[in-house]
Engineer: 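One structure coming up, written as structure tokens, with questions to follow.
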Amino acid sequence: MSVFLLVAFFGLSMLGIPLAVALALASVATLTLFTSMPLDLLSQTMFSSMNSFLLVAVPLFILVGTVMERGRVAERIFDFAEAMVGWLPGGLGHVNVISSVIFSGVSGSSVADIASVGAIEIKAMERHGFPKGYAVGMTLCTATLSSIIPPSILVVIAGSIANVSIGTLLVAGLVPGLFIAFAFMVFNHFYSVYYGYNPPSPFNLRMVVVTGIGAILPMLTPLILIIGIASGLFTPTEAAAIAVVYVGVLGVLVYRTLPVRELPEILISTARISGTILFIAATSQIAAWVFTYDGLPDKVAELLQAMNLGPLSGMLVIFVFLLIIGIFMEAIPAMFILIPVLMPPVQAIGIDPIHFLIVTVMTLTLGLVTPPVGVCLFAAAQVANMKVEDVIRGSLAPMAVLTLAIFALVLFPVLTLGPIRLLGMY
């Protein structure tokens, strides 16, 4: 049953059928051929899977990112990042990383990162002598930080699928995200020094203070969310609602960069994006039921145990597997299909579920920047007005850095688990 479903799903996907529809059709065909299950139960299964308080956080975080983008708050964040690290060798490359880190703590979406600060970052790096290919490549790859650093939409979805504490999972993604950002900055330093790009300009404390004051209010957003979630003051869903109100007040009343007349369009855009994600979530529940009915998780667990894999070697095998899957499948449907299948065998061989979920999210984010389904790849090409092939060539080195950084996090689970244990959350 599982093999038939997967073959049918990939076959329909290759014909250009949307992933959610392809998954639903493959699942229905499998159940019709192999079981006598009444098909009217499928609609009930899909509806009940959406009846989740946790999943309400997904459209709310999407709304936060859209409001921040339309309210031009990203420009304030970029100016502050430039004042902080623009004076270092390779300064505008560092600014690219830092602005993505700060914006990640607000939007939770890699596509929103590229759409809002991407054009600013690329033009600024070009003005300071960086090749356009390198500027676009760094912008593309640093945007993946928004899918790791809280409040990451992908982390929220992964936690809801695995039925683990989303608050714990969000905090667990913070240090790995900062570690990847540090890896980008180290790479950018040596690259810039070697090629002589962007000679350092003097440090200007006054500009740091001025731009910092201008950006302090939006930068409080991730601080409010992380402290509130880590302390148990509010749930991730409540945190998302608070963030919506907070950034809405900033855009409409404080900065006055977001006209009220644009709010209906923002809500419609958010509903469309959320509908796409949640439709995938609903149809994937049918596939998950098929995999469970067919005993696929148990068979995978038996295979891993037969290979006599320990936690580290098992995690490495899963990392390579996810790396391959992420190239050909978008992160969200991949998580809905794979997490229910892999979670039981992962626990059976002693891999920590929190570490597994964070690695899964980080590895699948590589699919956002690689062809043929890289959403961020096409978004970056559009923002930069470049051919996709040229963007790929400029992104090879940053992609390699991103892959090696994730590999290092696979080897050292303490970077994921240490902070949440230190905070008493795990």
Side-chain angles (χ1 to χ4, degrees), residues 62 65-66 68-82 85-86 90-104 106-149 180-181 183-185 187-189 191-192 194-198 269 273 326-327 330-331 365-403 405:
I62 292 172
T66 306
M68 294 288 281
E69 175 193 341
R70 297 290 185 90
R72 300 198 302 275
V73 178
E75 297 174 13
R76 297 173 181 271
I77 292 174
F78 181 84
D79 291 341
F80 177 58
E82 183 174 7
V85 296
L92 263 293
H94 297 315
V95 172
N96 192 317
V97 178
I98 295 297
S99 58
S100 290
V101 168
I102 298 173
F103 194 78
S104 298
V106 178
S107 70
S109 167
S110 295
V111 177
D113 184 297
I114 291 176
S116 55
V117 294
I120 304 171
E121 292 169 343
I122 293 168
K123 290 177 183 176
M125 289 183 72
E126 279 191 282
R127 281 200 310 268
H128 287 76
F130 285 94
K132 187 173 183 179
Y134 178 73
V136 176
M138 282 293 288
T139 301
L140 171 62
C141 292
T142 57
T144 59
L145 295 171
S146 293
S147 297
I148 303 167
I149 294 174
I180 293 174
F184 279 131
M185 292 184 73
F187 162 73
N188 177 71
H189 172 81
Y191 183 92
S192 301
Y194 182 80
Y195 288 103
Y197 294 135
N198 194 37
S269 174
I273 298 171
I327 293 174
E330 291 181 9
T365 55
L366 284 167
L368 297 173
V369 300
T370 55
V373 296
V375 178
C376 290
L377 172 64
F378 298 112
Q382 186 175 13
V383 166
N385 194 25
M386 288 177 65
K387 293 182 179 178
V388 173
E389 297 84 356
D390 295 332
V391 175
I392 294 171
R393 276 194 291 271
S395 305
L396 291 178
M399 281 183 192
V401 173
L402 178 60
T403 305

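Both backbone and side-chain heavy atoms feed into the values below; hydrogens, waters and symmetry mates do not.
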Engineer: Any idea which heavy atoms bring Gly90 and Asn188 closest together, and the distance?
Structural biologist: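 In terms of heavy atoms, the two residues are closest at O-ND2, 2.8 Å.
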Engineer: Can you list the residues that meet the side-chain contact (heavy atoms from CB on, under 4.5 Å) rule with Thr139, with sequence neighbours excluded?
Structural biologist: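 Thr139 satisfies side-chain contact (heavy atoms from CB on, under 4.5 Å) with Asn96, Glu121, Ile122 only.
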Engineer: Closest approach of His94 and Met185, non-hydrogen atoms and distance?
Structural biologist: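 Heavy atoms of His94 and Met185 come nearest at CE1-O, 3.1 Å.
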Engineer: For Phe80, which residues count as a ring pair (Phe, Tyr, Trp, His ring centres under 6.0 Å) partner, sequence neighbours excluded?
Structural biologist: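 By the ring pair (Phe, Tyr, Trp, His ring centres under 6.0 Å) rule, Phe80 matches no residue at all.
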Engineer: For the ring pair Tyr191 and Tyr134, is the centre-to-centre distance below 6.0 Å?
Structural biologist: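 Yes; Tyr134 has its ring centre under 6.0 Å from that of Tyr191.
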Engineer: Is there a side-chain contact between Arg127 and Leu92, using heavy atoms and a 4.5 Å cut-off?
Structural biologist: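 Sidechains of Leu92 and Arg127: no contact.
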Engineer: Taking Ile180 as the fixed residue, which of Thr365, Ile148, Val101 is the one that meets the side-chain contact (heavy atoms from CB on, under 4.5 Å) rule?
Structural biologist: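 Of the listed options, the one satisfying the test is Ile148.
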Engineer: Can you check whether Val369 reaches Ser395 side chain to side chain, under 4.5 Å on heavy atoms?
Structural biologist: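 Heavy-atom side-chain distance check fails, nothing below 4.5 Å.
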Engineer: Just wondering, do Val95 and Met125 contact through their side chains at under 4.5 Å, heavy atoms?
Structural biologist: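 The answer is no; the side chains never approach within 4.5 Å.
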Engineer: Could you give the distance from CD1 (Ile77) to OG (Ser99), rounded to the nearest 0.5 Å?
Structural biologist: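 So the CD1 of Ile77 and the OG of Ser99 are separated by 8.5 Å.
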Engineer: Rounded to the nearest 0.5 Å, what's the gap from NZ on Lys123 to NZ on Lys132? Could you check?
Structural biologist: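 Here the interatomic distance stands at 9.5 Å.
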Engineer: With Arg393, which residues qualify under side chain to side chain donor-acceptor pair (under 3.5 Å), at least two apart?
Structural biologist: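 Checked Arg393 against side chain to side chain donor-acceptor pair (under 3.5 Å); matches are Asp390.
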Engineer: Any side-chain heavy-atom pair from Phe184 and Leu402 closer than 4.5 angstrom?
Structural biologist: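 Heavy-atom side-chain distance check passes, below 4.5 Å.
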Engineer: What I'd like to find out is whether the side chain of Leu366 reaches to under 4.5 Å of the side chain of Thr144, using heavy atoms alone.
Structural biologist: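 Not touching, per the 4.5 Å side-chain cut-off.
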